[in-house]
Trainee: 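Quick one: the structure is below, and I'll ask about it shortly.
Numbered from 1 within each chain, the chains take letters A, B, ... in sequence-line order.
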2 protein chains.
Amino acid sequence: MKYLHIPYYLRLRDSLAKKIEDGSLLPHSKLPSERDLKDAYDINRVTVRQALMQLESEGLIYRLIRRGWYVSPPRLFYDPTQSISFMDNVRAQGRVPETVILSKTEMAASDWVNRTMGITLGDPVYLLRRRRLIDGRAVLVEHINVNPVLCPGLLDLPLECSLTETLKEQYGIEISRTVINMYPAPLDGTQAEELQVVAGAPCLYLTRASYDQHDNIVEFDQEFWRHDVLEISMEVKNT
Amino acid sequence: MKYLHIPYYLRLRDSLAKKIEDGSLLPHSKLPSERDLKDAYDINRVTVRQALMQLESEGLIYRLIRRGWYVSPPRLFYDPTQSISFMDNVRAQGRVPETVILSKTEMAASDWVNRTMGITLGDPVYLLRRRRLIDGRAVLVEHINVNPVLCPGLLDLPLECSLTETLKEQYGIEISRTVINMYPAPLDGTQAEELQVVAGAPCLYLTRASYDQHDNIVEFDQEFWRHDVLEISMEVKNT
DNA sequence: CATAAATTATGGTCTATACCAGATTTTAAA
DNA sequence: TTTAAAATCTGGTATAGACCATAATTTATG
C-alpha cells in the first residue's frame, strides 16, 4: 500500500474546487487575493499560484490581469453542426451576448488568404474583427475574411449581428456547407490583449470556411475562444 | 511607443518553438534536460519550467514523468461526424495505432450509469477500459459502458478492435445515432497514471452516447484524450 | 557475464524573497 | 466637493535554493 501524499497545490485546488461546486463561490465572484490565500492556507504564494493556475487550466476559474481571480461561469453549449448564430445561441442559454466591432478593413490578399480562400494575391479582401462577450465578459475574438467580389459594400452595413443572415438578406448568398477545424492553441499578444488575458494563454482556435450555393468560398473565419467557455455538443445520425 | 519587454520564459518558449517549427527538433525527440536548458540559457530552472509548461499547454511538447520532455507529434485529425474507428483513422493518417485492454468487468449500475444509460440501479452493466496508443505513445483512455441486455457475453469476445463492428457482426446492432459532448477537463489520478501524465494534467474529455436502430442506448463512452493529440475537423452541410 | 547495489540524473514540489507594472484605494490639495 | 497625487493592492516575473521520488546509469559483487 503506497503512501499517498497529495501535493499542497492540489489540496488547495481541491478545496477551492469544492467551494465552486457546492455553490459557496458563485460564477464571476472574486476569489481571495493570492496573498490572502497564502496566509489563510499557510503556504507559499508560488504554491497558491500553482493551485490557481491548475484551476484556470481546468476552466473553473479565470483571471483578470492584475485584478484578481474569478469563478468561471458554466460552459456554453455549442453545436458546430447547427447554424445558430452566436447571439441566438447565447440568448437561448439564458446568457447575455454582446458584440464589439474591433475593426473593419479592406486589405490586399496575403499569401495566406490566397491559399485559404483562393483570392488572387494582392486583390482586395474584407477583414472584419469582432469581440464577443457573454454577460459582459470577453470570450471570443473573430477574424472574418470575406470575398468582396461576392458581397461588395459589406463593410458599410451593420456588422454586429449575424453575418450569415446579412449575406443572405443583402446578397442572396446561402451558405451551403462549412468546413470547421478546431484545436487548442496559444493566444498571441494582440488577441490576448483583446480578450484581456496574458499572452500565451490557451484558447480554442477554430476556423470555419463557408461555401455558398455555387461552392464559392465566401467567408473564412478564425475564431479565438477563451479555452474555458465552450462545451462542444453534437448529434450525429448514421445514414 | 511602449517599451516591449518579453519575459524570459516566453523568449525560451519562442526559441524552442522555432526549433520545433524548423525541424531541428523532430517529433518524439527529447529536449535537453531542465538543468541543461537552465545552464544553456543562463536563467533559473523555474523559469525554464515555465517555458516548458507553456509549450506543453500549447501541445507542442509533452513530458514523461521524471524522464524528460519531448516534442509532440502532429495532431491527429478526428471527425466526430464520421464513424471511422480509432484504428482505421490512425492508420489512414500514416500512424501506428495500438490498443491495450486495461480491464473488463461486469458491474452493478451506479446512480450515474442509471441516469446516463437508463439501466436500472444495481442491474449489470459491462465496463470496458482501454488504453489507446499512437506510435507507441498513450493518447487515450476509454471507459466504455455497455448494456449487457443488448449484447450478452460481449466481454468474452476480442475487444481490441472496433466495438462498433463487433456489435454489428455479433449482435446485429447498428448504431443509428450518437450524441457527442466534449470539453477540456483535468485528468484524475487513475487516468493520469494510465496516460503517464501528472494528476491534474489537461485532457479533452469526450462522451459519446450510441443508440441502436430501435433508439436504445447501447453504449456510453467516456474518453480521456491527452489534450495535445487531436484536431477536430468536420464538414457540415446545410440542408 | 549477469545481477544487485550504489550513484547520478531528472522532473516534481515547495520555501523564501525580490522586483515590476498596472489597478485600485486612500489621502491631500484645490 | 472634485480632482490629482500618493500609497497600497494585485497579479506577473524571476532568482536562489532545498528536498523529494522515481528513472537511468554506473559500479561492485558473485
Side-chain angles (χ1 to χ4, degrees), chain A residues 1-16 29-57 61-71 186-187 189 192-202, chain B residues 1-16 29-57 61-71 138 186-187 189 192-193 195-202:
Chain A
M1 186 60 194
K2 193 162 55 166
Y3 173 60
L4 188 61
H5 166 73
I6 303 188
Y8 294 150
Y9 79 97
L10 286 181
R11 294 182 199 196
L12 178 53
R13 177 251 162 239
D14 292 345
S15 174
L16 293 174
S29 64
K30 188 174 184 307
L31 264 60
S33 74
E34 296 178 1
R35 288 171 176 96
D36 286 347
L37 287 170
K38 156 185 166 301
D39 294 335
Y41 286 84
D42 196 31
I43 52 178
N44 195 269
R45 189 173 145 230
V46 173
T47 309
V48 168
R49 287 183 62 79
Q50 248 180 302
L52 293 174
M53 284 189 281
Q54 173 65 32
L55 286 164
E56 182 188 35
S57 100
I61 67 174
Y62 64 95
R63 66 177 92 169
L64 295 178
I65 306 189
R66 288 193 182 89
R67 277 181 292 166
W69 295 82
Y70 301 82
V71 179
L187 285 166
E193 253 186 70
E194 284 161 352
L195 285 176
Q196 292 175 330
V197 296
V198 182
Chain B
M1 187 61 194
K2 191 163 54 166
Y3 175 61
L4 189 61
H5 167 73
I6 302 188
Y8 294 152
Y9 79 98
L10 286 181
R11 292 182 199 196
L12 178 54
R13 178 250 162 242
D14 291 345
S15 176
L16 293 174
S29 62
K30 187 175 184 305
L31 265 61
S33 76
E34 296 179 3
R35 289 171 175 96
D36 286 347
L37 288 170
K38 156 186 165 300
D39 294 336
Y41 287 84
D42 195 31
I43 51 177
N44 194 268
R45 190 174 142 229
V46 173
T47 310
V48 168
R49 287 182 62 78
Q50 247 180 304
L52 293 174
M53 285 190 280
Q54 174 64 32
L55 286 164
E56 181 188 35
S57 101
I61 66 175
Y62 64 94
R63 66 177 92 170
L64 296 179
I65 305 187
R66 289 192 182 84
R67 279 180 292 166
W69 295 81
Y70 300 81
V71 178
L187 285 165
E193 254 186 71
L195 285 176
Q196 290 173 336
V197 296
V198 182

Trainee: Taking only residues two or more places apart in sequence or in another chain, which ones pass side chain to side chain contact (heavy atoms under 4.5 Å, CB included) with B/P202?
Mentor: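 Once residues adjacent in sequence are excluded, the partners of B/P202 under the side chain to side chain contact (heavy atoms under 4.5 Å, CB included) criterion are B/H227.
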
Trainee: Heavy atoms only, 4.0 Å cut-off, all strands: where does B/R49 land among base, sugar-phosphate and nothing?
Mentor: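 The residue B/R49 makes base contact.
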
Trainee: Roughly how many Å is it from CH2 in B/W69 to P in D/dA23, rounded to a whole number?
Mentor: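 Rounding to the nearest Å, CH2 of B/W69 and P of D/dA23 are 17 Å apart.
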
Trainee: Does some side-chain heavy atom of B/R63 sit less than 4.5 Å from a side-chain heavy atom of B/M53?
Mentor: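 Side chain of B/M53 against side chain of B/R63, heavy atoms only: contact under 4.5 Å found.
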
Trainee: What integer distance in Å separates B/D36:CG from C/dT10:P?
Mentor: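 To the nearest whole Å, that distance equals 6 Å.
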
Trainee: Considering residues at least two apart in sequence or located in another chain, which fulfil the ring-ring contact (aromatic ring centres under 6.0 Å, His included) criterion with B/Y70?
Mentor: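 So B/Y70 forms a ring-ring contact (aromatic ring centres under 6.0 Å, His included) with B/Y62.
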
Trainee: Check the distance between D/dG11's C1' and A/L64's CG and give it to me in whole angstrom.
Mentor: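 The distance from CG of A/L64 to C1' of D/dG11 comes to 11 Å, rounded to the nearest Å.
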
Trainee: Would you please name every residue forming a side chain to side chain contact (heavy atoms under 4.5 Å, CB included) with B/D14, sequence neighbours left out?
Mentor: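 Expected list: none.
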
Trainee: Could you write out each protein N or O paired with an N or O of nucleotides 15-19 of chain D at a distance under 3.5 Å?
Mentor:
unit_1	atom_1	unit_2	atom_2	d
D/dT15	OP2	B/N44	N	3.0
D/dT15	OP2	B/T47	OG1	2.4
D/dA16	N7	B/N44	ND2	3.4

Trainee: Round to the nearest Å and state the distance from A/M53 atom CE to D/dT13 atom C1'.
Mentor: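 From A/M53 CE to D/dT13 C1': 10 Å.
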
Trainee: Would you say C/dA9 has OP1 or OP2 under 4.0 Å from some side-chain N or O of B/S33?
Mentor: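 The answer is no; no side-chain N or O of B/S33 sits under 4.0 Å from OP1 or OP2.
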
Trainee: Whole angstrom is fine here: how far is it from CD1 in B/I61 over to C1' in C/dG11?
Mentor: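 Rounded to whole Å, this separation is 12 Å.
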
Trainee: Which nucleotide sits closest to the side chain of A/R63: D/dA24, D/dG12, C/dG12?
Mentor: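 So the nucleotide nearest the side chain must be D/dG12.
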
Trainee: Go through D/dG11, C/dC14, C/dG11 for me and flag the one nearest to the B/K30 side chain.
Mentor: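 That would be C/dG11.
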
Trainee: Once you round it to whole Å, what is the distance between P of C/dA21 and CD1 of A/I65?
Mentor: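 A/I65 atom CD1 is separated from C/dA21 atom P by 15 Å.
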
Trainee: Applying ring-ring contact (aromatic ring centres under 6.0 Å, His included), can you list everything that pairs with A/Y9, at least two apart in sequence or on another chain?
Mentor: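 Checked A/Y9 against ring-ring contact (aromatic ring centres under 6.0 Å, His included); zero matches.
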
Trainee: Please state how far atom CZ in B/R66 lies from atom C1' in D/dT25, giving the value in whole angstrom units.
Mentor: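 My rounded result for the distance is 17 Å.
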
Trainee: In whole angstrom, what separates B/H5's NE2 from D/dG12's C1'?
Mentor: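 After rounding, the reported distance stands at 10 Å.
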
Trainee: Determine which pairs satisfy salt bridge (Lys or Arg N to Asp or Glu O under 4.0 Å) with at least one residue from residues 37-55 of chain A, sequence neighbours left out, and list them in order.
Mentor: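 Applying salt bridge (Lys or Arg N to Asp or Glu O under 4.0 Å) to every pair that reaches into residues 37-55 of chain A, excluding sequence neighbours, yields A/E34-A/R45, A/E34-A/R49.
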
Trainee: Would you say that B/L12 contacts B/T47 through its side chain, given a criterion of any heavy-atom pair below 4.5 Å between the two side chains?
Mentor: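 No, every pair of side-chain atoms sits at 4.5 Å or beyond.
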
Trainee: Please tell me which of A/R67 and B/R67 maps to the more 5' nucleotide of DNA chain C, matching each residue to the nucleotide holding its nearest heavy atom.
Mentor: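 Mapping each residue to its closest nucleotide by heavy atoms, the 5'-most match is B/R67.
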
